[in-house]
Amino acid sequence: MVDDYGLLAFGVSADYTYQYGELLAFALLGAVGGLLGAFLVRVNVRINRFRRDVYGTRLWPRALELVVISAASSAFKSGIPPLFPCIPDGDITHLKASASSTIDPTHIYCNSSSFNAMANLMMVPTEDALKLLFARATGVFDLPTLLVYLAFYFPMVIVTAGTNVAAGLFVPNMLIGALVGRSVGRFFLQVFPDPTIDPSIYALVGSFAMVSGFSRLTISLCVIVVELTGSTQYLLPIVMAVFVAKTVGDRLSRPLYEELLTLKAIPFLDHLPPPNIRVDAVQDYMARPVVTVFEYESVHRVHELLRCCGHNGFPVVRVGSSRFCGFILRKELLILLNQQQFIDADGVRPPLMVFPRYQHELNMPAPALHQVHMPPYHEMEQCTIDLNS
């Protein structure tokens, strides 16, 4: 069993914070995190595609968008909290009396002996709001407060991700998941008035389920949980929720970061091949007839091949047997022609290009075919290129 100090020990913890029957609820939180994460990915990618296609490289639409988002966010954050009542500090019940779990809410819009729950979510930094949601105390947030703030904050995160401002995704999604998790915990506490139900555990599990839902992190995310909580006590429900969230999210969308890489046309190799690769053969993707070059090829044929065929590379085969022995790029053929690496009719070979020079030519833009310095036509017929060299 795992004790309260996060150390592996034998025995039963004296202050265990969840029951095994709640694991089903934690799995449900994982499914909700996967659904919300996939929804965030799909909508955010559509918004960023709109920004790319409509805004282009112009800066003023992006600056105007930031002004509108900032004005709307400020209006909501200053207008919604006064609509919620002040709660006496005495209504807070700490489930575990310790310096780390005791909370001191901000007294915005209220006197020194009461607090506004919505103001403690909207008017404080995100990290402080997370600490309040993770606090092992009841009476801080009721269900309507959590749901209203979730309805405001979730769309705001979707819209701001991708703007020309430093807006992260990890901590905001942790806050979204904590809001969902604490809401579920409060709901279960109202339906099943069991004093052992701790909404803060639901907030912790929900936060990492949401992060896994949009990023599909698994093992590394569980390690982060242990580092943040300083305990392995909550590892089982978090591992369950994280893997359920990833499974559900993978069914509905790709991870957000992979979608953004594709949107920005950044080369990216998936960790798994496409499913059709397992059944398709090379011939399904080859152009027919196959255009090849021999190990020893006439300069005239290489020139005509580059002029008439737009392939970026050619298989090299042996003379007589047509056995495949290599592959050469179009750019390499252009370099060989431009540097006149020909064997003349008498079999005289030119000085070979040293490797640094050849590497320099490869790193430079390839010359166009009409810019290549070619010998007269009758010499092209007699000269050959040794592609083995």
Side-chain angles (χ1 to χ4, degrees), residues 49 52-53 56-57 254-255 257-389:
R49 184 177 292 112
R52 181 199 63 185
D53 297 339
T57 58
R254 297 170 63 197
Y257 298 116
E258 292 185 13
E259 289 283 3
L260 294 179
L261 285 173
T262 304
L263 183 65
K264 295 183 178 181
I266 298 176
F268 175 75
L269 186 64
D270 287 321
H271 63 287
L272 291 176
N276 59 311
I277 290 294
R278 301 180 184 275
V279 295
D280 291 348
V282 175
Q283 62 182 1
D284 297 327
Y285 297 90
M286 291 174 56
R288 301 188 184 200
V290 181
V291 181
T292 62
V293 291
F294 293 114
E295 293 176 289
Y296 296 92
E297 193 65 82
S298 69
V299 175
H300 173 70
R301 183 174 185 274
V302 171
H303 183 271
E304 287 299 307
L305 189 65
L306 294 177
R307 185 178 66 85
C308 300
C309 182
H311 292 178
N312 196 44
F314 303 92
V316 181
V317 296
R318 266 189 202 156
V319 179
S321 64
S322 295
R323 182 179 178 182
F324 176 80
C325 58
F327 190 84
I328 190 167
L329 295 176
R330 182 185 189 90
K331 185 175 184 178
E332 293 176 304
L333 289 175
L334 287 170
I335 292 173
L336 292 175
L337 291 180
N338 195 43
Q339 299 296 325
Q340 297 195 358
Q341 296 291 304
F342 310 147
I343 304 175
D344 61 19
D346 299 328
V348 178
R349 292 176 175 267
L352 291 178
M353 296 175 61
V354 293
F355 182 75
R357 182 185 173 190
Y358 181 71
Q359 192 70 25
H360 174 73
E361 293 288 341
L362 281 178
N363 293 332
M364 298 296 290
L369 185 60
H370 67 274
Q371 297 175 332
V372 174
H373 303 289
M374 299 297 299
Y377 180 81
H378 66 279
E379 294 184 14
M380 290 173 55
E381 287 284 354
Q382 300 175 358
C383 296
T384 58
I385 301 179
D386 182 5
L387 301 183
N388 287 316
S389 60

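The basis for the numbers below is simple: all heavy atoms, side chains too, and nothing from hydrogens, waters or symmetry mates.
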message: Run Phe294 and Val316 through side chain to side chain contact (heavy atoms under 4.5 Å, CB included) and show every step you take.
response: CA-CA 6 Å; Phe294 293 114; Val316 181; over 6 Å; no
message: Rounded at 0.5 Å granularity, tell me how far OG1 in Thr292 sits from CZ in Phe314.
response: 10.0 Å
If the condition is side-chain hydrogen bond (donor to acceptor under 3.5 Å, both in side chains), which residues does [X] pass it with, not counting sequence neighbours?
X: Glu304; result: Arg307
X: Arg318; result: none
X: Thr262; result: Arg254
X: Arg323; result: none

statement: Nearest heavy-atom approach of Pro315 to Val291 is CD-O, 3.2 Å
task: Starting from the C-alpha separation in whole Å, work towards a yes-or-no answer on side chain to side chain contact (heavy atoms under 4.5 Å, CB included) for Ile385 and Leu337.
output: CA-CA 9 Å; Ile385 301 179; Leu337 291 180; 3.7 Å; yes
message: According to salt bridge (charged side-chain N to carboxylate O under 4.0 Å, His left out), who are the partners of Arg49, at least two apart in sequence or on a separate chain?
response: none
field: For Glu297, salt bridge (charged side-chain N to carboxylate O under 4.0 Å, His left out) partners two or more places apart
entry: Arg301
Which atom pairs, donor and acceptor, lie under 3.5 Å between side-chain atoms of residues 324-333 and protein residues at least two apart or in another chain?
residue, atom, partner, partner atom, Å
Arg330, NH1, Cys309, O, 2.6
Arg330, NH1, His311, O, 3.2
Arg330, NH2, Leu306, O, 2.4
Arg330, NH2, Cys309, O, 3.4
Lys331, NZ, Leu362, O, 2.4
Lys331, NZ, Met364, O, 2.7
Glu332, OE1, Leu329, N, 2.9
Glu332, OE2, Tyr358, OH, 2.8

- prompt: Residues in side chain to side chain contact (heavy atoms under 4.5 Å, CB included) with Ala368, at least two apart?
  reply: His370, Gln371
Contacts of type ring-ring contact (aromatic ring centres under 6.0 Å, His included), residue Tyr296, not counting sequence neighbours: none
